[in-house]
Amino acid sequence: MHVHATIDPQDTVNQDAFLDGLWKQNPVFVQVLGTCPTLAVTNSVSNALAMGAATLFVLVCSNVLISLVRKLVPKQVRIATYILIIATFVTVVDYVIKAASITVYKALGPFIALIVVNCIILGRAEAYASRNPVGRSALDGLGMGIGFIIALLCLGGVREILGAGTFLGYPLFGPGYQPWVLFLLPPGGFFTLGAWLLAFNAWKRRKEKTA
Amino acid sequence: MNDVSLGFIFLDALLINNFVLAVFLGICPFIGVSAKFSTAWRMGVSVIFVITVSSVLAYGANALLVALNAQYLRIITFIVIIASTVQLVEMFIKKSSPALFRALGIYLPLITTNCAVLGVALFQTAREYSFAQSVVYAIGSSGGFCLALVLMAAIRERLELSDVPPTAQGTALVLMLAGLLSLAFMGFAGMGGGS
């Protein structure tokens with residue numbers, strides 16, 4: 001985020017806070033969190049993008065607010081407080097999407113409201129925002145949110161290309177293509193995520209062997 | 001949507017639109033607690049209880065919110081109801097069966113963030129179910145969750161004895177299996193006169 005001539009330790013911490021979420025600690029592929037929305041809304045790239053953007057917004061806002069109040073909240077009621085904060089931002093997103101585009105709202109359905117129980121958000125609140133300053137928490141939320149979008153696009157891309165033969169609605173293969181509809185249906189979601197995880201496992205094992 | 005028969009709502013929630021395998025709700029506990037059969041069915045039963053109680057409470061709360069014209073508080077109200085129900089169940093299990101309490105571990109408080117629970121509350125509101133329909137829907141869908149969890153646990157216990165390639169071990173394999181189960185459950189789609 002910040003460009004400095006010299007690199008001091010503070011900067012690398014900030015960079016890690018942002019970069020970890022993108023790939024090394026990717027919420028979906030590495031931590032296997034937030035699987036429900038990952039599977040449910042990735043039958044097209046546009047749905048995946050909308051869901052990712054909504055989650056990113058909630059993640060950054062709740063991380064910032066939770067980090068701000070982290071010293072005021074008693075330990076016993078912290079989870080309840082976090083959930084209330086998250087639910088507030090989700091309500092905001094819910095109404096914003098409803099006002100902005102009713103088609104997107106209908107496509108995502110109750111899954112917008114279900115962002116409240118996306119374990120990525122509560123997980124970051126508990127593991128990061130509750131013990132780190134505001135700026136870094138915001139960066140962490142941004143990194144994790146973008147990592148979530150990357151994962152959603154990885155799934156949504158595969159499912160839309162195979163299942164409908166299109167990308168973002170544009171046909172890719174011409175009229176001769178027989179769509180593999182299974183990938184738009186629920187089993188396709190499981191298979192696609194399973195295949196991605198398999199690929200990552202294989203890649204990790206190969207790296208370990210050569211190292 | 002309001003005149004759907006109770007029997008169909010039950011079957012639909014239990015099998016046709018199974019919460020885990022077709023609607024993608026409650027995947028985290030489905031992957032996390034399905035390693036052992038004994039833990040899986042106990043988790044399933046506690047989820048049935050939590051979902052049924054919170055569905056009844058959510059129905060009441062929604063009626064109140066509509067009367068007050070304060071629907072924008074819906075998400076927050078539902079989540080508070082669910083969190084308190086989970087707390088109750090947690091206290092109850094801790095008292096009645098400490099062994100089960102330890103076995104469920106972190107997954108018990110995590111029922112709060114089990115999206116199936118909030119999902120039931122949201123779906124029953126969106127479909128404008130009556131009180132009886134809501135209760136039947138809650139029992140059916142949580143029963144479906146329990147069914148999927150128990151099925152997966154049974155498969156995974158057998159897998160312990162088989163020779164799985166190391167690359168495929170863990171979550172990736174569970175997801176592939178879930179895909180196969182989900183395929184099998186698609187066979188129920190014609191039930192009840194098609195949907």
Side-chain angles (χ1 to χ4, degrees), chain A residues 29 31-43 77 79-80 82-95 109-123 182-183 185-206, chain B residues 17-28 30-32 71-80 82-84 87 109-123 125-127 165-186 189:
Chain A
F29 291 138
Q31 307 183 43
V32 200
L33 293 175
T35 18
C36 302
T38 308
L39 292 167
V41 298
T42 51
N43 47 14
V77 295
I79 302 283
Y82 299 162
I83 288 203
L84 281 183
I85 291 175
I86 295 168
T88 313
F89 285 118
V90 170
T91 310
V92 172
V93 167
D94 195 56
Y95 277 82
F111 277 95
I112 303 172
L114 284 172
I115 296 177
V116 181
V117 285
N118 186 326
C119 16
I120 298 174
I121 299 176
L122 193 63
L182 179 74
F183 275 86
L185 297 171
F190 284 116
F191 286 138
T192 316
L193 185 55
W196 274 109
L197 290 180
L198 268 183
F200 280 120
N201 274 352
W203 181 65
K204 223 189 288 169
R205 285 179 59 81
R206 257 185 71 179
Chain B
N17 279 312
N18 184 284
F19 253 39
V20 178
L21 299 169
V23 195
F24 296 126
L25 292 171
I27 309 274
C28 300
F30 177 66
I31 295 173
Q71 284 97 327
Y72 58 88
L73 285 177
R74 200 175 270 155
I75 301 177
I76 297 184
T77 318
F78 284 175
I79 201 75
V80 170
I82 291 166
S84 17
Q87 196 78 55
L110 278 184
I111 299 182
T112 311
T113 50
N114 180 337
C115 30
V117 186
L118 185 62
V120 169
L122 288 169
F123 276 117
T125 315
R127 295 179 191 172
T167 314
Q169 275 165 2
T171 320
L173 183 68
V174 179
L175 283 167
M176 288 296 182
L177 287 172
L180 291 177
L181 270 181
S182 166
L183 260 183
F185 268 65
M186 275 175 69

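Each chain gets a letter, A, B and so on, in the order its sequence line appears, and its residues count up from 1.
Interface remark: A/Phe200 contributes no atoms to any contact with chain B (heavy atom separation under 4.5 Å). Both the backbone and the side chain of B/Leu118 have a heavy atom closer than 4.5 Å to some heavy atom of chain A. Both the backbone and the side chain of B/Ala178 have a heavy atom closer than 4.5 Å to some heavy atom of chain A. Using a 4.5 Å cut-off between heavy atoms, A/Leu39 touches chain B through backbone and side chain atoms alike. Looking at A/Ala80, neither its backbone nor its side chain comes within 4.5 Å of chain B, counting heavy atoms on both sides. Of the two parts of B/Gln87, neither the backbone nor the side chain holds a non-hydrogen atom closer than 4.5 Å to a non-hydrogen atom of chain A. Of the two parts of B/Phe185, neither the backbone nor the side chain holds a non-hydrogen atom closer than 4.5 Å to a non-hydrogen atom of chain A. For A/Leu182, the part lying under 4.5 angstrom from a heavy atom of chain B is the side chain only. For A/Ala199, no part lies near chain B; criterion is any non-hydrogen pair under 4.5 Å.
When side chains are defined from C-beta on, A/Phe191 counts as touching B/Leu183, because their heavy atoms get closer than 4.5 Å. In this structure, the side chains of A/Thr35 and B/Cys28 come closer than 4.5 Å at one or more pairs of heavy atoms. Side-chain contact between B/Leu175 and A/Trp196 is absent, with no heavy-atom pair separated by less than 4.5 Å.
Ranked by heavy-atom pairs shorter than 4.5 Å toward chain B, the options A/Gly109, A/Ala87, A/Pro110, A/Pro187 are led by A/Pro187. Interface summary for chain A: among B/Val117, B/Leu25, B/Leu173, the most heavy-atom pairs under 4.5 angstrom belong to B/Leu25. For the set A/Ile86, A/Leu33, A/Val117, the entry with the most heavy-atom pairs within less than 4.5 Å of chain B is A/Val117. Ranked by heavy-atom pairs shorter than 4.5 Å toward chain B, the options A/Val116, A/Thr88, A/Leu198, A/Val41 are led by A/Leu198. Looking only at heavy-atom pairs under 4.5 Å with chain A, the residue among B/Leu181, B/Val174, B/Leu180 that has the most is B/Leu180.
Heavy-atom minimum distance, A/Ala195 versus B/Met176: N-CE, 3.4 Å.
B/Leu177 CG to A/Phe190 CZ: the interatomic distance, rounded to the nearest 0.5 Å, is 11.0 Å. The CG atom of A/Leu114 sits 13.5 Å away from atom CZ of B/Phe24, with the distance rounded to the nearest 0.5 Å. With rounding to the nearest 0.5 Å, the separation of CD1 in B/Ile76 from OG1 in A/Thr91 is 4.5 Å. Annotation: the span from A/Leu197 atom CG to B/Thr171 atom OG1 amounts to 6.0 Å, rounded to 0.5 Å.
Surrounding OH of B/Tyr72 are at most 12 heavy atoms belonging to other residues, nucleotides or ligands under 6.0 Å away.
The backbone N or O of B/Ala168 sits nowhere less than 3.5 Å from a side-chain atom of A/Asn201 that would complete a donor-acceptor pair.
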